[in-house]
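Notes follow once the structure below has been shown.
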Amino acid sequence: MPISLLLAVSLCAGGTEVVVDRAAPKTVRFAADELTNVLSRVLSSPVPVVSAPSAGKSSLILGTNRWSAAEGISLAGLGRDGFRLRVAGNRVFIAGRDDPAADLRAIIASKNHFVLQMSEHGTLYGVYEFLKRFAGVRFYFPGEAGTVVPRRGTVRIPAGDYGRE
């Protein structure tokens with residue numbers, strides 16, 4: 001087996017979960033909804049959101065929390081809307097600069113794009129980068145018609161650090 005496959009996380013139907021800490025802000029919860037909606041389509045199977053990583057599962061851990069801190073992930077030095085994306089063991093960490101007071105659902109519903117630009121949502125940008133880079137998803141314009149989602153049985157993500165400073 002090639003070394004690169006040994007140093008990779010594999011996401012597959014039934015073996016993948018998205019982890020969101022119970023205390024996560026609404027911005028991170030919105031990012032989790034976006035991730036599970038699209039990744040469930042990629043894997044052709046529902047991807048659940050849980051409040052803690054499960055043994056034996058590949059976990060996509062969103063936001064800053066005790067698991068990202070234990071992994072040594074820091075947002076120090078990140079610019080506006082920056083994010084860290086790290087793949088280690090059977091976990092993918094996506095954490096970014098997020099406005100804890102922002103409610104992206106309410107902002108989007110209000111169609112006030114100026115307010116949307118005023119708040120930070122780095123974790124969401126990290127989720128979109130993850131979906132583009134590793135799952136092959138393409139976002140041409142907002143909505144279902146503008147999103148191309150390839151169906152795959154498995155998504156392999158090489159170990160390493162990715163992100164936008």
Side-chain angles (χ1 to χ4, degrees), residues 4-5 7-12 15-21 24-44 47-50 53 57-65 67-69 71-100 102-105 107-108 113 116-165:
S4 62
L5 291 181
L7 301 174
V9 172
S10 292
L11 307 180
C12 61
T16 302
E17 64 189 7
V18 172
V19 179
V20 176
D21 190 270
K26 289 181 180 181
T27 308
V28 173
R29 294 187 181 288
F30 182 87
D33 289 347
E34 289 286 281
L35 179 58
T36 57
N37 175 38
V38 176
L39 193 56
S40 293
R41 291 168 49 205
V42 169
L43 298 175
S44 299
V47 175
V49 176
V50 298
K57 298 255 184 173
S58 294
S59 300
L60 294 109
I61 300 173
L62 301 187
T64 55
N65 49 52
W67 305 289
S68 61
E71 183 61 30
I73 296 171
S74 168
L75 303 183
L78 286 181
R80 180 175 171 77
D81 291 321
F83 60 87
R84 304 263 190 242
L85 198 163
R86 179 175 295 165
V87 180
N90 66 336
R91 295 179 172 178
V92 176
F93 298 89
I94 306 172
R97 286 183 48 161
D98 297 310
D99 182 344
D103 183 346
L104 291 177
R105 283 187 222 308
I107 293 169
I108 291 168
H113 299 289
L116 184 63
Q117 293 172 355
M118 296 297 292
S119 62
E120 288 190 279
H121 29 280
T123 299
L124 179 62
Y125 287 141
V127 162
Y128 291 148
E129 175 64 21
F130 171 83
L131 289 168
K132 288 188 294 186
R133 183 182 292 219
F134 300 113
V137 176
R138 296 295 175 251
F139 300 98
Y140 293 106
F141 54 88
E144 293 286 323
T147 305
V148 176
V149 180
R151 304 289 195 254
R152 299 180 170 183
T154 302
V155 175
R156 291 197 197 294
I157 308 115
D161 288 325
Y162 311 88
R164 183 174 74 195
E165 302 291 315

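Remember, predicted model here, so these are calculated numbers, not experimental data. Starting from 1, each residue takes its place in the sequence as its number.
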query: Do N37 and E144 have side chains that get closer than 4.5 Å, going by heavy atoms?
result: yes
- prompt: F93 versus V87: any side-chain heavy-atom pair under 4.5 Å?
  reply: no
- prompt: Side chains of V19 and L60: does their closest heavy-atom pair fall under 4.5 Å?
  reply: no
field: For P53 against I61, the heavy-atom pair lying closest together
entry: CG-CD1, 4.0 Å
- line: For R151 and V149, the nearest pair of non-hydrogen atoms, with its separation, is NH1-O, 3.4 Å
message: Between D98 and T27 (side chain of the first, backbone of the second, donor and acceptor by atom type, cut-off under 3.5 Å), is there such a pair?
response: no
Taking every non-hydrogen atom, the tightest pair across S74 and R84: O-NE, 2.7 Å
query: Nearest 0.5 Å, what's the CZ-CG distance between R138 and L131?
result: 10.5 Å
- prompt: What heavy-atom pair brings S68 and G63 nearest, and what distance separates the two atoms?
  reply: OG-O, 3.6 Å
message: Once rounded to the nearest 0.5 Å, what's the spacing between atom OG1 of T64 and atom CG of D21?
response: 8.5 Å
- request: Mind checking the CG-CZ spacing from L75 to R97? Nearest 0.5 Å is all I need.
  value: 8.5 Å
- request: Would you confirm whether T16, through its side chain, and L11, through its main-chain N or O, come within 3.5 Å as a donor-acceptor pair?
  value: no
E17/K57 salt bridge by N-O under 4.0 Å criterion: no
query: Nearest 0.5 Å, what's the CD-NE2 distance between E34 and H121?
result: 11.0 Å
F134 ring center near Y162 ring center (under 6.0 Å): yes
- prompt: Per the side-chain contact (heavy atoms from CB on, under 4.5 Å) rule, which among T123, D161, V92 passes with L85?
  reply: V92
- prompt: Where do A32 and V18 come nearest, in terms of heavy atoms and distance?
  reply: CB-CG1, 4.1 Å
query: Can you tell me how far CZ of R91 sits from CZ of R86, rounded to the nearest 0.5 angstrom?
result: 13.0 Å
- prompt: Passes side-chain hydrogen bond (donor to acceptor under 3.5 Å, both in side chains), S10 versus R156? Steps please.
  reply: CA-CA 5 Å; S10 292; R156 291 197 197 294; 2.5 Å; yes
message: Once rounded to the nearest 0.5 Å, what's the spacing between atom CZ of F30 and atom CG of L124?
response: 6.0 Å
query: Are any of the side-chain heavy atoms of L35 and F130 separated by less than 4.5 Å?
result: yes
task: Provide the closest heavy-atom pair for W67 versus N65 in the form atom of the first, atom of the second, distance.
output: N-OD1, 3.0 Å
